[in-house]
Amino acid sequence: MTLSEVAGIAGSAGDFTVTVKEAPRYVDVNKCIACGACTEKCPKKVDSEYDAATGKRKAIYVKYAQAVPLKYQIDPNSCIRLKKPGACGFCETVCDAGAINFDDTEKIHEINVGAIVLAPGFEVYDPKDAGVWGYGTFPNVITSLQLERYLSASGPTEGHLVRPSDGKPVNKVAFLQCIGSRDENLCGNGYCSSVCCMYAIKEAVIAKDHVPGLGASIFYMDMRTHGKEFDQYMERAKEDAGVRFVRCRVNGVETDGDSDDLRLSYVNEAGRQVEEFYDLVVLSVGLQTPKHVLELADKADIKLTADNFAATSDFAPVQTSRQGIFTCGAFAGPKDIPQSVVEGSAAAAAVADLLAPARFELSTEASFPLEKDVSADEPRIGVFVCHCGSNIAGVVDVKAVEEYAATLPDVVYVERNLFSCSQDTQDMITKRIQEQNLNRIVIAACTPRTHEPLFRETLKSAGLNEYLVEMANIRNHNAWVHSAEPKAATSKANDLVRMAVAKVAYSNSLRPISVPISQKGLIIGGGVSGMTAALNMAEQGFEAHLVERTDTLGGNALHLKHTWSGEHVPTAVAKLIDKVVLHDKVIIHKEFEVTHVEGFVGNFKSTITGKDGSKKIIEHGAGIVATGAEPYIPTEYNYDSITRVVTSVQFDKLYELNEVHVKKAKNFVFIQCVGSREEDNMYCSKVCCTHSVQSAIALKKDNPGRNIYILYRDMRTYGQREALYREARKLGVIFINYELHGKPNVRENGQVIDVEVWDHVLHRPLILNADMVILATAIRPMGDASKLGALYKVPVDGDGFFQEAHAKLRPVDFSTDGMFVAGLAHYPKPIEESVAQALAASARAVTLLSKKEVSLDAIKATVDETHCDGCALCVDVCPYHAITLVEKKTDDGADAGKIILVNKAQCKGCGLCQGTCPKRGVYVAGFTMNQINAQIRAALAA
Amino acid sequence: MNFEPKIVAFCCNWCSYAAADLAGTARMQYPHNVRIVRVMCSGMVHPEFVMNALSQGADGVMILG
Amino acid sequence: MLDTKKVGSVMIVGGGVTGMQTALDLADSGYYVYLVEKSGAIGGAMAQLDKTFPTNDCSM
């Protein structure tokens, strides 16, 4: 439902009634075919929201070229006709489909749902409000979102980076960080937006790619690149791309005389006032909750944090303060794409937990008539040529194509349609298939990538096998790209139809492959992530086997005291353990490890071996790796020899016990990044900055007279954690920055510990006399992660953490189907992110487990037993390990050499085997050698 | 010179075929001499296809993936 | 909680990358999903981005 907003929510968890207000689109989505004729004719131009006002759009428009639904809409605030009845109306005249409806009205829907998920997102901070950066005054000051549009090939300058003021090339660009973030004075947003450091680096790198020799500088307070592989990216930006990083806060942006150049002034690290000139200044704007979302929160009656984000618990990160209403994404705190996607899945898990009894109650499956067997029949091909309004017919002589198609071999029926994809044409095609007894269909229209599924359904409803259709792409590959050459386009359309006809004549009925699923899950690792995933899966009604190597559940969380927001970890973990232990669908295997794995998605068979040598075999449809991580044991800073140099986890214990050294100590020095962000461990451990700041606050609160120093490289109290950093500074905790090449020096000096660090302000070494030194040590991947990885064919990355399928869009999936990852095994992260990822892994696993069987596309490798001689060339090239070599037997059981066997569940139909086979022993159904050869022949026949 | 070459292009369904679709959406104009054969992966293109195309009169073959 | 009515459908407010992920996962596991989006098309902020880290591949 687009153009729709929630107007009210009544009822309670399990049974809500939501009032949804749908604004008029003034375009009938069932009729609009997105040809764009209306936009071309529309005389009214306004700033495009999509292009962040860098480009223009019309009053009738589509949000962006790849929008879903790809349907036009009229903006009532700028449309001439809607503002003045009787005026304009050009769009209505040119719309062949008759989709324009100026009388469209607002609709109110009352919808009954069991749960509500709020994922309304964010808006970027508008820097106009503050007035100090010249945004809105100087044309060459733009926001980072505007730069995204300028860099985009689909943006207003088609990816050419030029100055907005005069179109001159850009030679020097400056990025100013923390615009609308970490700044209570100018914008009121005290929190860190978490994403701007990373996107600024990315934009700088890409801008330098676009403009060779471009000078790019990033002015920042702390570089917060705490995400997976982010620090490596920053190092590459610095070393390879030559992006310059300057730690300072820029005082202001001025123009330089009459030119449009911009002058920045700032105080550098040496304390000197500096002026620099730039062609373009990019403001790295932060994220904030928009006003309409605050209103939504009010309607939903949920609590917000002081920073105006949805309030959640660290142990239930997607649950709002109101039962049955969940949240995810940037509304639950500023965050990047992968974390948002994780939370999206996590919210699905939380909803499914609540609504498990009602699963499949309202979802429906379509039914189709019995399929006709046409395998023995001669081909009777029907060709349907689509006009696509004027999209095809405006260029291609469709009548000529129709006449030509009728002359092709095996073609018995040809027809033209205004819109082949419309519902009435679908019904008509169904009727023609039955009337004319057609057994192969060619649709000459648009691209099979979007429309083949639709026409397959049409064939199914006509009782014909869905794989007996072939599309000739005479729109995207022809009419649209040869619009100035109608004659050539018509002749090419003939060729494309001929190729499709030639191919479809060789098509066979294919059956989607159905694989039964074992509706159980296996979770490896009994820490917070593993337990959360197992519990959620069990609450959803699926048996969850939890395998833990040690004799205790709880994992690393057993060593933690408080989450960043102050929740008591031991209480929450104890509760979680209780729930897991008591749940009859969670089966716990303590002191067991996975030692052998067979099978594939839906049908894994994992052998687990106990400490006592006993073995169990668990069949499961999906698996979750939640094996956690280990603490780094430091060798630096004389940790071995000085007893009062401790790690943060050790310190927590001493502090809690009120140990005498801690109690008496006056001077504490925290050293950050011990074992993180250096050499072979170029990653951020993500939790240590916040941990040290929390400890420092506690120490200061106990006794304000204490001196507390935190030696850091970049303070990474990201998101709403920034409030802690602010509090620590207010309490008088002293933060001293050090660089990797000037690490602090720690040595024992009688009763005290001398910590020597370079003072950037005074430009000389500074010696701190500490009673206690606390090392914020790194989180290390499990040493044997790759061993487990090899069993399930899931990879680990260069740092030793498990590697997800896609950094942005599939952050909990492995590239191996049916396997998922959660928690520290994936990357260092705080508890709420582990919990979210665990819930997400459970949700993703349940998308499989909730089905009794998986249906897979029939486009799969198939063995031709008469030609395959078992040479096994294809076995090695198969990227999915779907092919194995087996013994061949004759009918009477005698040995007949070797032959290959394709596991259809693992095969993705890529056809590397077919391309490799020298003997035609294996082919991909739907793309056989005969089919493709026929297409080639037909392509060159004219 | 009126020579119009015939080019057969094997395009992977997941990338280059999708790119050719997008070229259409963006209304980019290009010469009409190319005939696209959709495959599920460029790795599916058997050497025989290339030979057949060339021997049957193609002036060029592109494999895009 | 057992005797209270539970409806097997869910409303998701927001058609960005987060809301879409929730919608897909729930629809894939047997629930009827209403996806409510304020603007004329789904996609949210990610659709505005040119390229994304780490591979700098297109965000579409």
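So you know, we letter chains A, B, ... as the sequences are listed, proteins then strands, and number each from 1.
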Non-hydrogen atoms of chain C under 4.5 Å away: do they reach the side chain of [X], the backbone, both or neither?
X: A:Leu849; value: neither
X: A:Val20; value: side chain
X: A:Ser850; value: side chain
X: A:Phe331; value: neither
X: A:Glu49; value: backbone
X: A:Glu5; value: both
X: A:Leu848; value: neither
X: A:Arg359; value: both
X: A:Leu3; value: both

Looking at [options], which makes the most heavy-atom pairs under 4.5 Å with chain C?
options: A:Ile116, A:Asp336, A:Leu147, A:Ile111; answer: A:Ile111
options: A:Gly344, A:Gly159, A:Ala358; answer: A:Gly344
options: A:Ser12, A:Ala840, A:Cys328, A:Ala52; answer: A:Cys328
options: A:His292, A:Glu203, A:Lys851; answer: A:His292
options: A:Asn112, A:Val18, A:Leu118; answer: A:Asn112

Check this for me, if you would: do [X] and [Y] make a salt bridge, where the nitrogen-to-carboxylate-oxygen distance has to be below 4.0 angstrom?
X: A:Glu22; Y: C:Lys38; value: no
X: A:Lys228; Y: A:Glu804; value: yes
X: A:Asp75; Y: A:Arg57; value: yes

Go through [options] and name the one with the most non-hydrogen pairs under 4.5 angstrom from chain A.
options: C:Thr22, C:Val17, C:Val36; value: C:Thr22
options: C:Gly19, C:Ala23, C:Ser39, C:Ala27; value: C:Ser39
options: C:Val33, C:Asp28, C:Asp25; value: C:Asp25

Can you confirm whether [X] sits close enough to [Y] that some side-chain heavy atom of one is under 4.5 Å from a side-chain heavy atom of the other?
X: C:Val10; Y: A:Val113; value: no
X: A:Val318; Y: A:Val351; value: no
X: A:Thr2; Y: A:Arg25; value: yes

Starting from the C-alpha separation in whole Å, work towards a yes-or-no answer on side-chain contact (heavy atoms from CB on, under 4.5 Å) for A:Val117 and A:Thr327.
CA-CA 5 Å; A:Val117 179; A:Thr327 181; over 6 Å; no
Check the side chains of A:Tyr61 and A:Gln73 for a donor-acceptor pair under 3.5 angstrom, ignoring hydrogens and angles.
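Their side chains do contain a donor-acceptor pair, which is all the 3.5 Å distance test asks for.
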Test item: side-chain donor near acceptor, A:Tyr150 and A:Thr54, under 3.5 Å
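Absent: no donor and acceptor within the cut-off.
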Would you check if the side chain of A:Lys299 reaches a backbone N or O of A:Ala7 as a donor-acceptor pair within less than 3.5 Å?
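Judged by distance alone, no pair lies under 3.5 Å.
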Might you work through the side-chain hydrogen bond (donor to acceptor under 3.5 Å, both in side chains) test for A:Ser345 and C:Gln21, ending with a clear yes or no?
CA-CA 6 Å; A:Ser345 288; C:Gln21 183 66 46; 3.2 Å; yes
